[in-house]
Amino acid sequence: MADIAFDESVDITDKVCPLTFVKAKVTLDELDDGQILAIRMNDGEPVQNVPRSIKDEGHQILKLDDNGDGTYTLYVKKVGD
Amino acid sequence: MAEQIDYSSLKKGGFMRQKQKGFFSLRLAVVGGNLTAENIKTIAEVAEKYGHGYVHMTSRQGVEIPFINFNDIEEVRAKLLEGGVKPGVCGPRVRTVTACQGSAICPSGCIDSYELAKEFDERYFGRELPHKFKFGVTGCMNNCLKSEENDLGVKGGYIIDYKADKCISCGVCIKACREGALSLDDNGKVVLDTSKCNNCGRCVKSCPADSWDYEPGYIVSFGGLFGNQIYKGEQIVPIIKDKETLFRVADAAIDFFDKHANAGERFRKTLQRVGEEEFRKEIQAAYEGK
Ligand code: HEM
Ligand code: SF4
Ligand code: SF4
Ligand code: SF4
């Protein structure tokens, strides 16, 4: 997997839905337009739903990587301030 | 006075006889679970003035005003109509058409459930049949409106088509799909196993690159029963792409019930007694437009 350079990272594996998305969103809100956030999340509900929720917020999804340990990392480019 | 009460005509008008002598629980017509603010104000006024100041929400999105005195029935009817509220129905006919909020409101929605519920209501509500007949419309696979409990249930879905040229190989849809129908091949292109796809549309909705073309469709189930006995409605024909076909299939189902059912027999029981072969044939023919 090609590594994607990112500006900020957040681990939401300590949260359950819907707080997974809330934690990711709070971190995204603090970034500037065009910055890239790496979000580490659990398999199951989070990886099924969080990417979609972030897309619906209008941000640009770049890639979802399988970390091989039951977690995934989603790379997101922030759109808007 | 009491001996002159015509219970069956009252029941048709949505008046359910209560355990308490001389009192009725008045059932109101609600389509797809929506009432306007004006409707609600009127209902509240009637409940305060004529009832016991409360309403009961039924399990199928209906509203009932308990404790309406028999002597107030005409007055209550008139008062409700002023506020745009009509009595519901009970007894052997088409009942409240239920619906979730669907694609007009819900991000998961594949079809406009409320719109379709209104169309079913206009087409069938109150139609006299051998027994009650229930329609329900749910906007997507999440099935908030429990489509298969109904005599005829409709569930929204997407018929999907992958556009490899737009795909950025992000992998999001692979995980968004709960059916395991998607995988990435060695070139980073998505492979769809159509035999596993249930038309939920989650791939379309999660894709950041608009790599999926889709058409909304209707998944219809027949013969659901959720009372003394429980049966899950069954799908007979593939997902339907247009409303014309949908209504043709619904007409065929309701006509079959009207023609073959004994009085007081629910749709599922009719299908079991008459034999499902015949029914399948008729639905298939309606689906094909014959
Ligand atoms: C990405 C994060 C989220 C996930 C994975 C998630 C997942 C779910 C799931 C699976 C359901 C059950 C749906 C069903 O089977 O009918 C549900 C229901 C619900 N969720 Fe979330 N959700 C998320 C975010 C949120 C947020 C942000 C809110 C509100 C702040 C929220 C509020 C609700 C409510 C109120 C229900 C119950 C709806 C009902 O049953 O009427 N969720 N969620
Ligand atoms: S069935 Fe689907 S469209 Fe309807 S409310 Fe539930 S999630 Fe939304
Ligand atoms: S429509 Fe649903 S089941 Fe079919 S491939 Fe897409 S996500 Fe999977
Ligand atoms: S979500 Fe869209 S862009 Fe990403 S892999 Fe699936 S089809 Fe391709």
Side-chain angles (χ1 to χ4, degrees), chain A residues 1-6 9-13 15-18 20-22 24-25 28 31 33-80, chain B residues 101-110 139-144 156-158 160 162-164 166-193 196-214:
Chain A
M1 292 275 161
D3 282 324
I4 293 179
F6 54 90
S9 69
V10 63
D11 190 330
I12 58 172
T13 58
K15 293 278 184 271
V16 293
C17 283
T20 43
F21 171 69
V22 173
K25 182 173 151 53
L28 262 170
L31 296 188
D33 187 23
Q35 282 193 305
I36 292 169
L37 176 66
I39 309 166
R40 182 166 174 266
M41 64 189 73
N42 282 323
D43 202 354
E45 287 284 339
V47 75
Q48 285 174 9
N49 294 303
V50 171
R52 153 87 183 280
S53 302
I54 287 172
K55 175 195 160 189
D56 287 347
E57 289 279 306
H59 303 294
Q60 176 69 48
I61 306 287
L62 304 174
K63 186 97 186 78
L64 180 70
D65 271 353
D66 187 344
N67 300 323
D69 60 354
T71 71
Y72 289 77
T73 301
L74 182 75
Y75 296 93
V76 183
K77 188 195 230 175
K78 169 149 179 178
V79 176
Chain B
Q101 299 217 67
S103 62
I105 302 286
C106 178
S108 300
C110 296
C140 76
M141 280 302 148
N142 289 342
N143 206 9
C144 298
Y158 278 169
I160 54 164
Y162 175 58
K163 297 284 158 207
K166 285 193 182 167
C167 176
I168 59 166
S169 307
C170 70
V172 164
C173 62
I174 314 295
K175 294 305 292 183
C177 177
R178 289 171 171 158
E179 304 305 309
L182 303 177
S183 54
L184 274 184
D185 70 12
D186 293 342
N187 303 317
K189 295 301 167 192
V190 175
V191 183
L192 165 66
D193 179 348
K196 288 185 180 163
C197 175
N198 70 0
N199 304 102
C200 71
R202 291 175 56 86
C203 49
V204 177
K205 296 201 179 245
S206 65
C207 177
D210 291 330
S211 309
W212 297 90
D213 279 351
Y214 65 93

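Here is how names work: the chains are called A, B, and so on, in the same order as the sequence lines, proteins then strands, and each is numbered from 1.
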- prompt: Is the shortest heavy-atom distance from the side chain of B:S108 to the side chain of A:R52 under 4.5 Å?
  reply: yes

query: What closest approach, in Å, do B:G171 and A:L64 show between heavy atoms, and which atom pair accounts for it?
result: O-CD2, 3.7 Å

- prompt: Once you round to the nearest 0.5 Å, how far does NZ of B:K175 lie from CE of A:M41?
  reply: 11.5 Å

message: Could you report the tightest heavy-atom contact between A:Q48 and B:R202, atom names first, then the distance?
response: O-NH2, 2.9 Å

message: Need one label for A:I54: side chain, backbone, both or neither, based on atoms under 4.5 Å from any heavy atom in chain B.
response: neither

- line: One option among B:A176, B:C177, B:A209, B:C207 has the most heavy-atom pairs under 4.5 Å with chain A, and it is B:C207

message: A:K15: which residues meet the salt bridge (Lys or Arg N to Asp or Glu O under 4.0 Å) condition with it, sequence neighbours left out?
response: none

Shortest non-hydrogen contact between A:D56 and B:P107, atoms and distance: OD2-CB, 4.4 Å

Those residues that, when tested against B:K163, pass side chain to side chain donor-acceptor pair (under 3.5 Å) (two or more places apart): B:D161

- prompt: Shortest non-hydrogen contact from A:I61 to B:I168?
  reply: O-CD1, 3.7 Å

field: Least distance between heavy atoms, A:K55 atom then B:K205 atom
entry: NZ-O, 2.9 Å

